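Just below is one structure, and these are the notes that go with it.
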Amino acid sequence: MLSVVPTPITVRVPAKVNLHLAVGDARPDGYHDLVTVFQALSLTDDVTVVAAEESGIEVRGEGADLVPTGPENLAWKAVRLLAERAGKDPDEPGVWISINKGIPVAGGMAGGSADAAAALLALNQLWKLEIGRDELGELAGEIGSDVPFSLQGGTALGTGRGERLVPVLARHTFHWVIGLAKDGLSTPEVFGELDRLRTDNGTNRVGEVEPLLEALASGDPRQLALLLGNDLQSAAVSLRPVLRRTLRAGVQAGALAGIVSGSGPTCAFLCTDADSAVRVAAELSGAGVCRTVRVAHGPVPGAKIVSEESAHRPTPPQVHA
Ligand SMILES: C[C@@](CO)(OP(=O)(O)O)[C@H](O)COP(=O)(O)OP(=O)(O)OC[C@H]1O[C@@H](n2ccc(N)nc2=O)[C@H](O)[C@@H]1O
Ligand SMILES: Nc1ncnc2c1ncn2[C@@H]1O[C@H](COP(=O)(O)OP(=O)(O)O)[C@@H](O)[C@H]1O
């Protein structure tokens with residue numbers, strides 16, 4: 001008898017950095033209204049789905065031991081949501097998922113959200129559901145605030161919880177150095193710390209987003225560097241004071257500006273060009289304030305299906321501290 005080998009589908013999905021993150025006051029539902037500008041960066045995860053008798057999830061790559069392989073994995077939430085939509089048993093959907101992590105775990109770069117977005121796209125194809133991008137985006141927003149952006153990629157303005165997106169024009173490619181920290185920070189804890197700091201003694205708030213949008217359209221990294229801002233930065237630094245040193249070290253190494261990525265603790269440094277990014281990465285690595293240092297560029301596209309051949313990731317340029 002001829003046995004048919006199921007065909008796996010692999011989706012590659014990017015990390016994000018928030019170039020502008022304005023956080024409003026806490027809402028009754030526990031969330032905060034945001035005005036944010038996301039940019040998708042060239043640090044990626046690969047998520048492969050394949051039809052299987054035994055359903056489950058496995059995680060490989062850097063920080064894999066910190067990622068849950070049960071129902072708490074955000075990719076598994078995507079599986080359950082799409083299984084319900086497809087009329088399948090969400091407890092036994094008959095799918096095996098392999099995640100290859102290249103995005104730092106709990107680093108404020110939306111790695112879990114990225115895997116959920118990738119799983120949505122891959123299963124849409126595997127189960128031939130033909131759900132359009134708009135509906136996929138809505139399903140993504142049910143999983144988490146950052147998931148719709150992971151699907152969309154590029155550069156986008158996010159409002160609401162960050163899930164309502166409008167694409168933003170970004171001319172040219174921007175070059176970044178990414179400084180990874182030893183341990184992650186919890187997103188809800190960082191939002192909570194910001195609320196506490198604001199109640200106790202107030203904190204500065206980032207200004208309007210329009211000047212940053214103009215800098216993106218101009219494509220001038222020097223102009224953009226002056227306008228990067230993140231309301232969560234003071235909270236992340238309060239919980240992890242060493243980040244102040246990391247931010248200073250990146251600028252001393254030659255970056256135009258440094259910023260905590262989202263809720264941190266990863267720090268992102270904007271550089272003039274690709275060569276400068278490599279030099280800054282080497283020097284920051286030598287400063288001993290980061291676990292690992294990588295170079296990246298953005299914007300890059302959102303989640304997309306890649307062929308099996310190209311699913312074997314090239315080793316990203318990195319410098320070990
Ligand atoms: C801060 C940001 C900036 O892009 O990213 P990260 O740094 O975590 O990657 C996001 O707002 C994180 O989005 P995401 O990680 O999807 O968060 P969710 O799962 O939706 O929410 C986790 C928790 O964070 C808090 N939260 C999240 C989003 C938001 N607008 N207000 C909040 O207060 C809430 O306590 C919520 O329960
Ligand atoms: N697929 C996943 N990849 C990474 N973390 C995940 C995943 N699913 C759930 N998590 C959990 O989400 C937490 C936040 O991880 P992550 O999304 O990488 O960071 P952040 O929210 O800071 O951007 C992790 O500590 C981990 O326990």
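Owing to the predicted nature of the structure, the values given are computational and were not obtained by experimental measurement. When a ligand or atom number is given, it counts from 1 through the structure's own listing order.
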Considering both backbone and side-chain atoms of [X], is one of its nitrogen or oxygen atoms within less than 3.5 Å of a nitrogen or oxygen in ligand 2?
X      : value
Leu74  : yes
Val105 : no
Gly108 : yes
Ala75  : no
Leu185 : no

Atom 18 (O) of ligand 2 protein-contacted, heavy-atom criterion under 4.0 angstrom: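 At least one protein heavy atom is under 4.0 Å away.
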Which segment of Pro68 sits under 4.0 Å of ligand 2 when only heavy atoms are counted: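 Within the 4.0 Å criterion, Pro68 contacts ligand 2 through side-chain atoms alone.
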Side chain to side chain, Thr48 and Ile9, heavy atoms closer than 4.5 Å: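 A side-chain contact under 4.5 Å is absent here.
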Close side-chain approach of Leu224 to Leu228, heavy-atom, < 4.5 Å: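 Yes, at least one pair of side-chain atoms sits under 4.5 Å.
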Protein residues that have a heavy atom under 4.0 Å from any atom of ligand 1, sorted by chain and number: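 Lining ligand 1: Lys16, Asn18, Gly30, Tyr31, His32, Leu34, Phe38, Gly108, Met109, Ala110, Ser113, Gly144, Ser145, Asp146, Arg161, Thr187, Pro188, Phe191, Leu232, Gly262, Ser263.
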Identity of the nearest option to atom 25 (O) of ligand 2, non-hydrogen atoms only, from Gly61, Ala110, Ala106: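 Among Gly61, Ala110, Ala106, the closest heavy atom to atom 25 (O) of ligand 2 comes from Ala106.
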Among Thr187, Asp45, Ile97, Val47, closest by any non-hydrogen atom to atom 21 (O) of ligand 2: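 Result: the heavy atom closest to atom 21 (O) of ligand 2 is in Thr187.
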Proximal ligand 2 atoms for Gly112, defined as those under 4.0 Å from one of its heavy atoms: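 Selected atoms, number and element: 1 (N), 2 (C), 3 (N), 4 (C), 7 (C), 16 (P), 17 (O), 18 (O).
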Lys/Arg-Asp/Glu bridge criterion (N-O < 4.0 Å) met for Glu135, Arg85: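 Arg85 and Glu135: salt-bridged.
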